[in-house]
Colleague: 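Here it is, the structure, as structure tokens.
The model shown is predicted, which means the values in this text are computed figures rather than measured ones.
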Amino acid sequence: MTSSATRDTIGFIGLGVMGRGMAASLLRAGHDVVVHNRSRAAETPLAAAGARRAVTPAELGGMARVVMLCLSDTAAVESVLFGPQGLAASLPAGAFVIDTSTISASATREHARRLAERQVALLDAPVSGGQQAAEQGTLSCMVGASEAAFAACLPYLQAIASRVLRVGDNGAGQVAKACNQVAVSAVMLGVAEAFALARSSGVDPAVVREALLGGAARSAVLEKNAVRILQRDFKPGFRAGLMRKDLRLALDAARDAGACLPVASTTLQWLEALCNTGHAEDDWSAVGQLIAEMAAPPR
């Protein structure tokens, strides 16, 4: 625990499912935390735990030299940084912005350029691990930043994550997160198809899952998300609409880079169908139920 005499002030903007857990982890690590959220009621539990509150991003920027963001999409990040009452105008020279949001890599590079004009360093530091890991401070964090900015902000990143890795300069963190979502979603689609095959063949998919956990098919998706599919428990979690957004970003990055992502393209089609039928707010593992509904009845 950091002593109160040496603790740092960290701003945190965006207190959704992931953000509130990360902000709470910073408090537990002993930091003085200033929070802001568009829906102000989300600030109340953190204020009760010791955080201070800022009315606007601009006000928060005048209270902290290091600010973390956890926002829904590229437009939200740009608005918080550069919109009316935005963060950038009030941050002092030498400040750091750590963006844990999952957004466009090309937009991230542009944000970094604009902040650098104000002598503010940006770290794109998207996270993986889900709500429980956010609450426990055990996320995995992939960082795009200069070596100097990464070294300066490593203690703050280690307060929210048990695995922190610099993968390159600005934008590289977002590319790594896109890679994560491509890999995870491909596994999810495979698990959903495996369960559909088992069920249509008259074999209990729960028993199949136990068998697969003992072999090469073992994965975090099979361990955790597969249980949601079997139990039809689609309370989020990680919303289907957010995974759709992430895969759209991955395919945008692939087009920019000239990469071919056939599996991600197929998975996105299923997520589009899921979201377009009223399930965007469900956990993204509900795609397994959609695939199950398309399968033939058991023999």
Colleague: Check whether Arg65 reaches the backbone of Pro92 with its side chain - one donor and one acceptor, N or O, closer than 3.5 Å.
Modeller: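 Such a contact is absent between Arg65 side chain and Pro92 backbone.
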
Colleague: Is the shortest heavy-atom distance from the side chain of Met142 to the side chain of Leu165 under 4.5 Å?
Modeller: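 Contact flag for Met142/Leu165 side chains = no.
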
Colleague: Do Gln174 and Arg109 have side chains that approach each other closer than 4.5 Å (heavy atoms only, starting at C-beta)?
Modeller: no

Colleague: Hey, does the side chain of Asp124 reach the backbone of Ala105 with a donor-acceptor pair shorter than 3.5 angstrom?
Modeller: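 Pair absent, no side-chain N/O of Asp124 close to backbone of Ala105.
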
Colleague: Is there side-chain contact between Arg166 and Asp169, with at least one heavy-atom pair below 4.5 Å?
Modeller: yes

Colleague: Tell me, do Glu59 and Val34 make a side-chain contact under 4.5 Å, heavy atoms counted?
Modeller: no

Colleague: Using the rule that Ile, Leu, Val, Met, Phe, Trp and Tyr join whenever any side-chain heavy atoms are under 4.5 Å apart, tell me whether Leu290 and Trp284 fall into a single cluster.
Modeller: yes

Colleague: Would you check if Leu81 and Leu69 make a side-chain contact, meaning some heavy-atom pair closer than 4.5 Å?
Modeller: yes

Colleague: Quick check against the 3.5 Å criterion: does Ser79 have a side-chain atom that pairs as donor or acceptor with the backbone of Ala75?
Modeller: no

Colleague: Tell me, do Asp282 and Gln289 make a side-chain contact under 4.5 Å, heavy atoms counted?
Modeller: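 Sidechains of Gln289 and Asp282: no contact.
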
Colleague: When you measure from the side chain of His31 to the backbone of Leu26, do you find a donor-acceptor pair of N or O atoms at a distance under 3.5 Å?
Modeller: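 No: the side chain of His31 does not pair with the backbone of Leu26.
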
Colleague: Below 4.5 Å, heavy atoms only, C-beta onward: do Arg20 and Pro45 meet side chain to side chain?
Modeller: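 Sidechains of Pro45 and Arg20: no contact.
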
Colleague: Does any part of the side chain of Val263, heavy atoms only, come nearer than 4.5 Å to the side chain of Val182, both counted from C-beta?
Modeller: no

Colleague: Using only atom types and a distance under 3.5 Å, with no angle test, would you say the side chain of Arg53 pairs donor to acceptor with the backbone of Arg40?
Modeller: yes

Colleague: Between Asn37 (side chain only) and Glu43 (backbone N and O only), is there a donor and an acceptor less than 3.5 Å apart?
Modeller: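 Pair absent, no side-chain N/O of Asn37 close to backbone of Glu43.
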
Colleague: Is it the case that atom CD in Glu293 sees more than 12 heavy atoms from other parts of the structure closer than 6.0 Å?
Modeller: yes

Colleague: Taking Arg244's backbone N and O only, do any of them form a donor-acceptor pair with Glu272's side chain (distance below 3.5 Å, no angle check)?
Modeller: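 Checking the backbone N and O of Arg244 against the side chain of Glu272, no donor-acceptor pair under 3.5 Å is found.
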
Colleague: Hey, does the side chain of Thr74 reach the backbone of Ser104 with a donor-acceptor pair shorter than 3.5 angstrom?
Modeller: yes

Colleague: Going from CG on Leu247 to CG on Leu242, what distance comes out if it is rounded to the nearest 0.5 angstrom?
Modeller: 11.5 Å

Colleague: When Thr102 is tested against each of Lys177, Gln181, Lys245 for side-chain hydrogen bond (donor to acceptor under 3.5 Å, both in side chains), which residue passes?
Modeller: Lys177

Colleague: Any donor and acceptor pair, going by atom type alone, linking the side chain of Thr277 with main-chain N or O of Leu274 inside 3.5 Å?
Modeller: yes

Colleague: Mark yes or no for whether Ser39, through its side chain, and Ala42, through its backbone, hold a donor-acceptor pair below 3.5 Å.
Modeller: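 No, Ser39 side chain to Ala42 backbone: no donor-acceptor pair under 3.5 Å.
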
Colleague: Could you check whether Arg114 pairs with Glu78 (Lys NZ or Arg NE/NH1/NH2 to Asp/Glu carboxylate O, under 4.0 Å)?
Modeller: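 Answer for the salt bridge query: yes.
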
